[in-house]
Amino acid sequence: MTETTTEAARRTGPAAEEIHRTTAGITIDAPAELVYRTLTDVADWPLLYPWIVHTEIVEQRGIDDLSKFWAVRPGPEGGLRIWQSRRSLHDDTLCMVFEQQGTVGAIRRLGGAWRFTALEGGGCRVESHHWFTTDQDPAVVAEELDRHGALQMRTLKAAVEGREQDGPLVLRAERSALLPGTVEDVYGRLSAGLGQDGSAEETAVFGTAVEEYPDGSTGSGRTVHIGRAPHTIVLKHLDPPREFALYRRSWRLAQETDGVRVTAQRLAVARPEALDPAGERRGELLAWLGGRAAQDLPDGADHLVG
């Protein structure tokens, strides 16, 4: 059930800014702490929420952090949405307080809290309490927030309740190597190999890529490329191979004394029908991902690590 209320903000100045509030909740058959950890672990949001391409913690101090998100906009208009949120994680009370930085479409300011309460009979109750300001019709904005909030909660519930069953569906393979040169040079070479400008501090573009699939065939599909010079590149395939519900490639770079450490990762979520009860197909797909991750390392790589 979702409720929407409106109140005037207590502000100084020539005019009071009106604050509008929405509240949503859902019951999840899992321990409250597990659900809290799942939501607040932004590093795994690309696995939790299919529309999320990439996440980063930009700043962190104690219980407070500044997190950045890249997401594909739903609907026919599409596009990429990028935003930052300041968060306070209260582990003792299982509460996350947040406020987005900057405007988001018709929303001038947006913040709130997520609370996780254990239930006596087991499971937990999750509630989100959002507040926002807008210079447009607040009812329309609240309806959009309610719709997206309900989707977030349904997705969270399905992910946590199905974790034991769906865990084997997550496939992750990494290969690491040490390369000569500076991290800026290696980042530039990687970006150029993907058809992107390695000199840009940040890139976020849609494109297409030809990919060899696990069954040996090849195909072309839509992609989203995120570049964060000089340390991170992410390439998410919006049209993954038929074996996968999600498919993403990434590169992490770090300067070391003897060169640049490059870690290439292939991340996928297999469709249940693509696996077999004995687990043989899962092993084959992991081996395929590992081989492709090794191929993702630049020329001149040395000291390959599986």
Is there a path of hydrophobic side-chain contacts, each under 4.5 Å between heavy atoms, that joins [X] and [Y]?
| X | Y | answer |
| --- | --- | --- |
| Val262 | Leu267 | no |
| Val42 | Leu151 | yes |
| Trp45 | Val224 | no |
| Leu80 | Ile52 | no |

Query raised in the report: Which value, rounded to the nearest 0.5 Å, describes the distance between Arg292 atom CZ and Arg249 atom CZ?
Result: 10.0 Å
Query raised in the report: Nearest 0.5 Å, what's the CG-CD1 distance between Leu156 and Ile28?
Result: 4.0 Å
Query raised in the report: What residues join Ile63 in its hydrophobic cluster, counting side-chain heavy atom gaps under 4.5 Å, either direct or through other members?
Result: none
Report task. For residues Ala229 and Ala200, report the shortest heavy-atom separation together with the two atoms involved. Result -> CB-O, 3.4 Å
Query raised in the report: Where is the tightest heavy-atom contact between Val183 and Gln255, given as atom of each residue plus distance?
Result: N-OE1, 2.8 Å
Query raised in the report: Among side-chain atoms of Thr263 and Arg175, is any donor-acceptor pair under 3.5 angstrom?
Result: no
Report task. Show the numbers, then the answer: is there a salt bridge (Lys or Arg N to Asp or Glu O under 4.0 Å) between Arg37 and Asp91? Result -> CA-CA 9 Å; Arg37 297 292 180 190; Asp91 295 351; 3.4 Å; yes
By ring pair (Phe, Tyr, Trp, His ring centres under 6.0 Å), which residues pair with [X], not counting sequence neighbours?
| X | result |
| --- | --- |
| Phe116 | Tyr36 |
| His231 | none |
| Trp51 | Tyr49, His148 |
| His54 | Trp70 |

Query raised in the report: Parallel under 30°, tilted from 30 to 60°, perpendicular over 60°: which one fits the rings of His130 and Trp114?
Result: perpendicular
Query raised in the report: Going through the distances and angles, do Arg281 and Glu243 end up as a salt bridge (Lys or Arg N to Asp or Glu O under 4.0 Å)?
Result: CA-CA 10 Å; Arg281 184 54 176 160; Glu243 292 89 349; 3.6 Å; yes
Residues two or more places apart in sequence or in another chain: which of them pass side chain to side chain contact (heavy atoms under 4.5 Å, CB included) with [X]?
| X | value |
| --- | --- |
| Arg222 | Leu238, Asp239 |
| Ala106 | Thr134, Gln136, Val141 |
| Ala113 | Cys95, Val97, Arg115 |
| Gln60 | Ile57, Asp65 |

Requested in this report: Could you note down all residue pairs passing ring pair (Phe, Tyr, Trp, His ring centres under 6.0 Å) where residues 234-290 supplies at least one of them, sequence neighbours left out?
Outcome: His237-Tyr247, Phe244-Tyr247
Query raised in the report: Among pairs that include at least one residue of residues 188-217, which meet ring pair (Phe, Tyr, Trp, His ring centres under 6.0 Å), considering only residues two or more places apart or in two chains?
Result: none
Query - salt bridge (charged side-chain N to carboxylate O under 4.0 Å, His left out) contacts in which one or both residues fall within residues 223-235, not counting sequence neighbours - result: Glu56-Arg228, Glu202-Arg228
